[in-house]
Visitor: 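What follows is a structure written as structure tokens; I'll ask about it next.
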Amino acid sequence: VRFLPEAGTRTARLAALSYATACGAALAVAFVFVVGVGEWAPSLDFLRDDRLIGAWFVLSTLGWAVFAIQDSVLTALGRAVWVPIENAVFSLLKLALLAVFATLLPVYGIFVSWTGAMLVSVAGVNFLVFTLLMRRTPARPARATTLRSRAFARYFAADYACSVAWLSASNLMPLVVTAVAGATA
């Protein structure tokens with residue numbers, strides 16, 4: 001949100017680099033989590049035992065990394081009006097998919113419906129961002145701010161801490177419930 005509006009002709013490259021960095025970190029964390037799941041969350045051993053659901057988990061982790069950033073990309077492009085639309089479509093889609101997958105996949109239905117809706121949202125929003133919205137954003141010359149500057153480091157540290165706090169508050173509860181009550185519950 002802070003640097004994308006100043007990127008000028010480098011906007012698409014900076015957004016793609018941000019996505020790639022987030023996906024790289026998510027891939028590493030998801031892989032380590034699946035490999036060591038027996039140590040820190042034995043009730044989730046099925047992620048390692050069932051290769052298909054394990055791969056879906058890793059793919060979904062990459063998707064969540066992009067999903068967490070895409071609202072900020074829309075906002076930075078001056079297209080924040082799309083954020084509530086995207087969130088409404090995501091919410092309705094996950095409810096519709098829940099009705100389908102809860103009966104087809106009684107064990108994994110909730111997980112597949114939420115992550116499937118998220119992956120559709122990520123694909124749709126970023127198709128829109130990279131094909132239409134960035135092209136309609138007025139091209140401005142890039143400012144001289146470098147991503148190696150101290151201003152970026154300070155901004156990144158504060159923004160990262162706030163993002164982790166927000167994501168923890170909204171997403172940690174299901175993990176705590178799963179750890180205490182078990183995956184079946």
Side-chain angles (χ1 to χ4, degrees), residues 1-4 7 10-77 83 86-87 89-90 93-94 97 101 105 107-131 133-134 147-148 152-153 155-179 183:
V1 174
R2 163 70 176 83
F3 294 98
L4 203 57
R10 299 178 302 175
T11 300
R13 191 174 117 218
L14 183 58
L17 180 62
S18 298
Y19 284 161
T21 303
C23 285
L27 181 62
V29 170
F31 179 76
V32 168
F33 182 80
V34 170
V35 168
V37 74
E39 293 298 316
W40 39 73
S43 63
L44 299 177
D45 265 347
F46 62 88
L47 291 174
R48 189 179 51 213
D49 298 339
D50 184 336
R51 293 196 187 272
L52 182 61
I53 201 70
W56 185 262
F57 172 80
V58 172
L59 176 66
S60 298
T61 303
L62 298 177
W64 282 116
V66 174
F67 187 80
I69 299 170
Q70 70 186 14
D71 289 354
S72 297
V73 170
L74 288 168
T75 302
L77 291 173
V83 173
E86 173 256 331
N87 286 314
V89 169
F90 167 65
L93 185 57
K94 73 181 174 184
L97 290 177
F101 287 118
L105 303 168
V107 176
Y108 304 124
I110 294 172
F111 175 63
V112 171
S113 66
W114 277 54
T115 55
M118 174 271 304
L119 291 171
V120 169
S121 172
V122 165
V125 165
N126 287 290
F127 176 79
L128 183 69
V129 163
F130 286 100
T131 60
L133 298 182
M134 280 194 193
L147 295 181
R148 292 182 199 100
F152 175 75
Y155 177 83
F156 178 77
D159 185 63
Y160 181 76
C162 291
S163 296
V164 167
W166 177 78
L167 288 170
S168 296
S170 61
N171 295 313
L172 199 55
M173 188 57 67
L175 293 176
V176 170
V177 170
T178 301

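What you see below is based on every heavy atom in this structure, not just the backbone, and it leaves out hydrogens, waters and symmetry mates.
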Visitor: Of all the heavy-atom pairs spanning Val35 and Arg48, show the shortest one and how long it is.
Guide: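 That would be O-NH1, 3.3 Å.
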
Visitor: Taking the side chain as everything from C-beta on, heavy atoms only, tell me whether Phe101 gets closer than 4.5 Å to Phe111.
Guide: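 Side chain of Phe101 against side chain of Phe111, heavy atoms only: no contact under 4.5 Å found.
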
Visitor: What is the distance from atom CD of Glu86 to atom CG of Leu93, rounded to the nearest 0.5 Å?
Guide: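 If I round to the nearest 0.5 Å, the distance is 11.0 Å.
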
Visitor: With side-chain contact (heavy atoms from CB on, under 4.5 Å) as the criterion, how do Val125 and Val66 come out once you've worked through the C-alpha distance, each side chain's angles and the decisive distance to 0.1 Å?
Guide: CA-CA 10 Å; Val125 165; Val66 174; over 6 Å; no

Visitor: Could you grab the distance from atom CG of Leu97 to atom CE of Met118, nearest 0.5 Å is fine?
Guide: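 Nearest 0.5 Å value for the CG-CE distance: 11.5 Å.
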
Visitor: Just so I know, are the side chains of Trp114 and Ile110 near enough to count as touching, which here means a heavy-atom distance under 4.5 Å?
Guide: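 Yes, close enough: below the 4.5 Å cut-off.
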
Visitor: To the nearest 0.5 angstrom, please state how far the OG1 atom of Thr61 sits from the CH2 atom of Trp56.
Guide: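 The distance works out to 11.5 Å.
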
Visitor: Compare every heavy atom of Ala16 with every heavy atom of Phe130, then report the nearest pair and how far apart it is.
Guide: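 Scanning both residues, the minimum pair turns out to be CZ-N, 4.1 Å.
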
Visitor: Hey, could you give me the OG1/CG distance between Thr21 and Leu14, rounded to the nearest 0.5 Å?
Guide: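 Answer for the OG1-CG pair, Thr21 versus Leu14, is 9.0 Å.
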
Visitor: Heavy atoms only: give me the nearest Ala15-Leu4 pair and the separation to one decimal.
Guide: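 For Ala15 and Leu4, the tightest heavy-atom pair comes out as N-CD1, 4.0 Å.
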
Visitor: Where is the tightest heavy-atom contact between Ala22 and Ala65, given as atom of each residue plus distance?
Guide: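 Scanning both residues, the minimum pair turns out to be O-CB, 3.8 Å.
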
Visitor: Given side chains that start at C-beta, do those of Asp50 and Tyr108 come closer than 4.5 Å, heavy atoms only?
Guide: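 Yes, close enough: below the 4.5 Å cut-off.
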
Visitor: What closest approach, in Å, do Trp40 and Gly36 show between heavy atoms, and which atom pair accounts for it?
Guide: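 Heavy-atom minimum between the residues: CE2-O, 3.2 Å.
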
Visitor: Roughly how far, to the nearest 0.5 Å, is the CG atom of Asn87 from the OG atom of Ser121?
Guide: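 Nearest 0.5 Å value for the OG-CG distance: 7.0 Å.
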
Visitor: Check whether any side-chain heavy atom of Thr115 lies under 4.5 Å from a side-chain heavy atom of Trp64, and answer yes or no.
Guide: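 Yes, side chains in contact.
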
Visitor: Go through the steps to decide whether Phe46 and Val107 satisfy the test side-chain contact (heavy atoms from CB on, under 4.5 Å), and finish with yes or no.
Guide: CA-CA 11 Å; Phe46 62 88; Val107 176; over 6 Å; no

Visitor: Find the distance between CZ (Phe67) and CG (Leu119) and round it off to the nearest 0.5 Å.
Guide: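 Spacing of CZ (Phe67) from CG (Leu119) equals 10.0 Å.
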
Visitor: Are any side-chain N or O atoms of Thr75 and backbone N or O atoms of Asp71, one a donor and one an acceptor, separated by less than 3.5 Å?
Guide: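 Yes, Thr75 side chain to Asp71 backbone: donor-acceptor pair under 3.5 Å.
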
Visitor: What closest approach, in Å, do Ile69 and Ser18 show between heavy atoms, and which atom pair accounts for it?
Guide: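 For Ile69 versus Ser18, the nearest heavy atoms are CD1-O, 4.1 Å.
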
Visitor: Do the side chain of Asn126 and the main chain of Val122 share a donor and acceptor less than 3.5 angstrom apart?
Guide: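 Side chain of Asn126 to backbone of Val122, a donor-acceptor pair under 3.5 Å: yes, one is there.
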
Visitor: Where do Leu44 and Phe57 land on the side-chain contact (heavy atoms from CB on, under 4.5 Å) test, with the steps shown first?
Guide: CA-CA 11 Å; Leu44 299 177; Phe57 172 80; over 6 Å; no

